2 protein chains.
Amino acid sequence: MNALKVETEKKIIEAAKEVFVEKGLQGARMQEIADRAGINKALLHYYFRSKDKLFDAIFENIMSQMFAVVAENIRTDMSLPELLGAFVEFYNDFFQMNPFYPQFIFHEIWQNPDRLSEIMKSQQIAPAEIVEKIQQKVPAINNSDLTAEHMIANVLGMTLFPHIARPLFQRVFFNNDNDKYSRFLSERTDFLKELMTGALMGATSSEMNNKPDEDF
Amino acid sequence: MNALKVETEKKIIEAAKEVFVEKGLQGARMQEIADRAGINKALLHYYFRSKDKLFDAIFENIMSQMFAVVAENIRTDMSLPELLGAFVEFYNDFFQMNPFYPQFIFHEIWQNPDRLSEIMKSQQIAPAEIVEKIQQKVPAINNSDLTAEHMIANVLGMTLFPHIARPLFQRVFFNNDNDKYSRFLSERTDFLKELMTGALMGATSSEMNNKPDEDF
DNA sequence: GTTGTTTTTAACCATTTGGTTAATTTTTTC
DNA sequence: GAAAAAATTAACCAAATGGTTAAAAACAAC
């Protein structure tokens, strides 16, 4: 495998990433990928056999990139507010850099959830581990309506929504001004971090009433 | 236009709704729509001219159904917690009944945001109106980090996330148990309503410190 | 620099698919 | 109940598209 070959494969991956992420598996055209990579269409099959295989490679590539950071964060011993803050910060940066990813990933979640949960396993993402960590760091949660699952849904929901709804949300509330929306997103990182820190302040200091007022 | 014709059109719309909502515009096949409707494929074109036109009809149909309720809620004079509670309740019911809708809608948001914002206008959904209503009912918001836009993102995010992430979230945290997840969603309606009521309690009672502790 | 191997290309193929058409059946009109 | 209109169907068409192939070009080995 010479240097030229490596280069070609890289060009294909980059081009395929762009096209698949924007248009999805069904919407993507092999010809367009070849054109963007500046190579002959037959080369796509020479390197990756089929459209499906190429898509698999791209999808795994992207998800690994994402889950690597997630897995790393989980395994540190930050406090819960710090941990959640790190998540928020990472997702906001990551999706600001790759605006098409959220919709792309959710699309796959609906088309092929099994594969995604396989990839999670292979990337050492263990949901039970996360739930346990939360329950251990927020003992009050065990007597509360706020289960760990609700909490995760809250954090992910508040974090991801502005990204996945971006084209509409930006149009409707920000006059479709890209820069303005980018500032909103950056500002929101801090906003959410403070919000979560505040909300967890009471609950984490252990022996509390069994229904904290400040949930999220 | 006789009764038979109306019946056929209804059958087409129902079948097309199913297929488009599950597979998207690109993934849907005209033949499959015809088969599900139990009619000849040519009839699809006889009634709706083209795949795009048929899709438009379906999409508008669905969005109108949704926005009608939203518009109605906005125009009542409920308190803000009541109003937000009504939203949460509606979306949770609506998407529990139509689990494919969220992903379907977000897909369209990315493929054709302009059309969607047109439909919103035609359905009398005015975002400025919503923002004003919030600012007026939560005066403290004007001196706070929590802008109306953040608040809307929080409510929508927390509400929609469990629906749009359902296949993965259910698998990963609920052992892929459908009933269990449905209970989680129902329970979550109440959870979010209480959460929001609690969070707004302080802020709505007017003259407060300019940075409410209990945000969302 | 000839030979063998790998990479790249242009041309081609088979299938899928949205869409059309011309004929047939059903319904309406009078 | 005959004529006109509308609804329905089977057969067909053209374009798009994923994929293949055989030959050419680039490279490596000696």
Side-chain angles (χ1 to χ4, degrees), chain A residues 1-62 100 104 107-108 110-112 115, chain B residues 1-62 100 104 107-108 110-112 115:
Chain A
M1 191 148 85
N2 61 27
L4 205 67
K5 182 165 181 179
V6 174
E7 267 311 299
T8 305
E9 199 167 329
K10 265 190 197 162
K11 282 194 292 181
I12 293 178
I13 290 179
E14 280 317 300
K17 209 184 262 188
E18 283 178 30
V19 177
F20 278 135
V21 154
E22 269 183 51
K23 318 218 165 147
L25 173 58
Q26 309 255 21
R29 296 290 162 249
M30 294 297 266
Q31 190 59 60
E32 185 179 355
I33 295 174
D35 290 345
R36 284 213 210 183
I39 53 154
N40 187 284
K41 180 164 71 91
L43 272 188
L44 298 180
H45 293 94
Y46 180 73
Y47 280 87
F48 292 92
R49 296 189 60 94
S50 72
K51 190 186 187 184
D52 280 313
K53 292 257 170 52
L54 176 55
F55 182 85
D56 285 351
I58 298 300
F59 186 68
E60 179 131 11
N61 176 307
I62 289 177
F100 286 99
F104 173 72
H107 188 260
E108 262 315 282
W110 281 90
Q111 292 307 313
N112 210 338
R115 188 202 2 206
Chain B
M1 192 147 85
N2 61 26
L4 205 66
K5 180 165 183 180
V6 173
E7 268 312 300
T8 304
E9 199 168 327
K10 265 191 197 161
K11 281 195 291 182
I12 293 178
I13 289 178
E14 280 317 302
K17 210 183 261 190
E18 282 178 29
V19 177
F20 278 135
V21 153
E22 268 184 51
K23 316 215 167 151
L25 173 57
Q26 308 256 19
R29 297 288 161 253
M30 295 296 266
Q31 190 58 61
E32 185 179 355
I33 295 173
D35 290 346
R36 285 213 210 182
I39 55 154
N40 186 282
K41 179 165 72 90
L43 273 188
L44 299 180
H45 293 94
Y46 181 74
Y47 280 87
F48 292 91
R49 297 190 57 95
S50 71
K51 190 186 188 187
D52 281 312
K53 292 259 172 49
L54 176 56
F55 182 84
D56 285 351
I58 298 300
F59 186 67
E60 178 130 11
N61 176 308
I62 289 177
F100 286 100
F104 173 71
H107 188 262
E108 262 316 281
W110 282 89
Q111 292 306 313
N112 211 338
R115 188 202 2 210

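Chain naming here is simple, since letters A, B, ... match the order of the sequence lines and numbering starts at 1 in each. Just so it is clear, the model here is predicted, and its values are computed rather than measured.
Among dA10(D), dT8(C), dG19(D), the nucleotide with an atom closest to any side-chain atom of Met30(A) is dG19(D). Comparing dA10(D), dT8(C), dG18(C) against the side chain of His45(B) picks out dG18(C) as the nearest. When distances run from any side-chain atom of Ala42(B) to the nucleotides dG18(C), dT21(C), dT8(C), the shortest one goes to dT21(C). For Lys41(B), counting side-chain heavy atoms from C-beta on, the closest listed nucleotide (dT8(D), dT17(D), dG19(C)) is dG19(C). Picking from dT8(D), dT9(C), dT20(C) the nucleotide with the shortest atom distance to the side chain of Leu43(B) gives dT8(D). Closest to the side chain of Ser50(A), out of dT8(C), dG19(D), dA10(D), is dG19(D). Distances from the side chain of Tyr46(A) to the nucleotides dT8(C), dA10(D), dA7(D) place dT8(C) closest.
Listed for the Lys51(A) side chain is a donor-acceptor partner under 3.5 Å among the backbone atoms of Leu25(A).
In summary, of the residues considered (Ile13(A), Leu54(A), Ile39(A)), a side-chain contact (heavy atoms from CB on, under 4.5 Å) with Ile33(A) occurs for Leu54(A) alone.
Checked for salt-bridge contact, Arg36(B) and Glu32(B) meet the test: a charged N lies under 4.0 Å from a carboxylate O. Between Asp56(A) and Arg115(A) there is a salt bridge, since a side-chain N of the basic residue sits under 4.0 Å from a carboxylate O of the acidic one.
Per the geometry, CD belonging to Gln31(B) stands 13 Å off C1' belonging to dA11(D), to the nearest Å. If you measure from atom CD of Gln26(A) to atom P of dA16(D), you get 18 Å, rounded to the nearest angstrom. Distance CG (Asn40(A)) to P (dA24(D)): 15 Å, rounded to an integer number of Å. To the nearest angstrom, C1' of dT7(C) lies 11 Å from CD1 of Ile12(A). Computed from coordinates, the Arg29(A) CZ to dT16(C) P distance equals 15 Å when rounded to whole Å. Going from atom CD1 of Ile39(B) over to atom C1' of dT26(C) covers 16 Å, rounded to whole Å. In this entry the distance linking CG of Asp52(A) with P of dT17(D) reads 16 Å, nearest Å. In this structure, the CZ atom of Phe48(A) is 16 Å from the P atom of dG18(D), given to the nearest Å.
Between Phe104(B) and Phe59(B), a ring centre-to-centre spacing shorter than 6.0 Å is recorded.
At a threshold of 4.0 angstrom between heavy atoms, the contacts of Ala34(B) with the nucleic acid are absent.
In this model, the phosphate group of dA7(D) is not approached by any side-chain N or O of Thr8(B) to a distance below 4.0 Å at OP1 or OP2.
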